[in-house]
Amino acid sequence: MVEMTTYDTNNIFAKVMRGEIPNTTVYEDDDVLSFMDIFPQSEGHTLVIPKNTQATNFLDIDPDTLAVLIQRTQKLATAVNNALNPDGIRIIQFNGEAAGQTVFHLHFHIIPAWTGCQMQPHSSNPADAVALQALADKIKVCL
Ligand code: AMP
């Protein structure tokens, strides 16, 4: 069974949403916040998080909120595709520590892939803040 963690209101993404930790925003509306991953697995690695739920993972979000989140994830993935022209895109979502989840506020990863380019390991190398902002600006233009 996936361990169902109690929602920690001080998890990193909760702090990002409250503005206590800076983020490189790509998109925001009433339902979701999307921002660049600071340990990108590839150039353009983008996260999408729901704003109005304390779901820790895919299993404990209500279906209507999930429906909006997945629609926004598709919108963001399309913008990443148009902005960065990758050969492929991974949409990833981890449930539970055993699966590799490190932040217990539900989120989707949008990870562009290029043929012949090795992806970085999960949460390994920090990105340059200026480079992240440039990527976010490029994606925003395509929204
Ligand atoms: P997961 O391991 O699926 O829970 O993913 C959490 C992701 O959040 C990882 O890819 C981290 O690199 C990323 N991350 C952690 N802290 C931050 C932060 N402050 N801003 C943006 N991304 C972050």
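What's counted below: heavy atoms across the whole structure, side chains too, no hydrogens, waters or symmetry copies. Atoms within a ligand are numbered from 1 in the order they appear, just like the ligands themselves. Numbers here simply count residues along the sequence, with the first being 1.
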Distance under 4.0 Å to a non-hydrogen atom of [X]: what atoms of ligand 1 satisfy this?
{"X": "Gly100", "result": "2 (O)"}
{"X": "Leu47", "result": "8 (O), 22 (N)"}
{"X": "Thr102", "result": "1 (P), 2 (O), 4 (O), 5 (O), 6 (C)"}
{"X": "Gln101", "result": "2 (O), 4 (O)"}

Note the single closest protein heavy atom to [atom], along with its residue, its atom name and the distance in Å.
{"atom": "atom 16 (N) of ligand 1", "answer": "Ile12 CG2, 3.7 Å"}
{"atom": "atom 7 (C) of ligand 1", "answer": "Asp37 OD2, 3.5 Å"}
{"atom": "atom 1 (P) of ligand 1", "answer": "His107 NE2, 3.1 Å"}

Side chain [X], main chain [Y], donor-acceptor under 3.5 Å:
{"X": "Asn52", "Y": "Asp30", "value": "yes"}
{"X": "Ser34", "Y": "Leu47", "value": "yes"}
{"X": "Gln101", "Y": "Val103", "value": "yes"}
{"X": "Thr53", "Y": "Ala55", "value": "yes"}

Item to complete: Report yes if His45 has an N/O atom closer than 3.5 Å to an N/O atom of ligand 1; otherwise report no.
Response: no

Worksheet item: Heavy-atom contacts under 4.0 Å between Gln93 and ligand 1: side chain, backbone, both, or neither?
Response: neither

Discussion item. For Met36, which part has a heavy atom under 4.0 Å from ligand 1: side chain, backbone, both, or neither?
Written reply: backbone

Discussion item. Could you tell me if Asp37 and Gln41 have a donor-acceptor pair between their side chains, going purely by distance under 3.5 Å?
Written reply: no

Practice prompt. For Thr78 and Asn82, test the side chains for any donor-to-acceptor distance below 3.5 angstrom and give the result as yes or no.
Written response: no

Discussion item. If hydrophobic clusters are built by linking Ile, Leu, Val, Met, Phe, Trp and Tyr wherever their side-chain heavy atoms come under 4.5 Å apart, do Val16 and Val26 end up in the same one?
Written reply: no

Fill in: Per atom 22 (N) of ligand 1, closest listed option by heavy atom (Asn125, Ile38, Asn23)
Ile38

Practice prompt. Can you figure out which of Phe35, Phe94, Phe39, Phe13 has its heavy atom closest to atom 8 (O) of ligand 1?
Written response: Phe13

Worksheet item: So, Arg72 and Asp31, do they make that salt bridge, N to O below 4.0 Å?
Response: yes

Item to complete: Please verify whether a non-hydrogen atom of Gln41 lies at under 4.0 Å from ligand 1.
Response: no

Item to complete: If the plane angle is over 60° it's perpendicular, under 30° parallel, otherwise tilted; pick one for His107 and Phe13.
Response: perpendicular

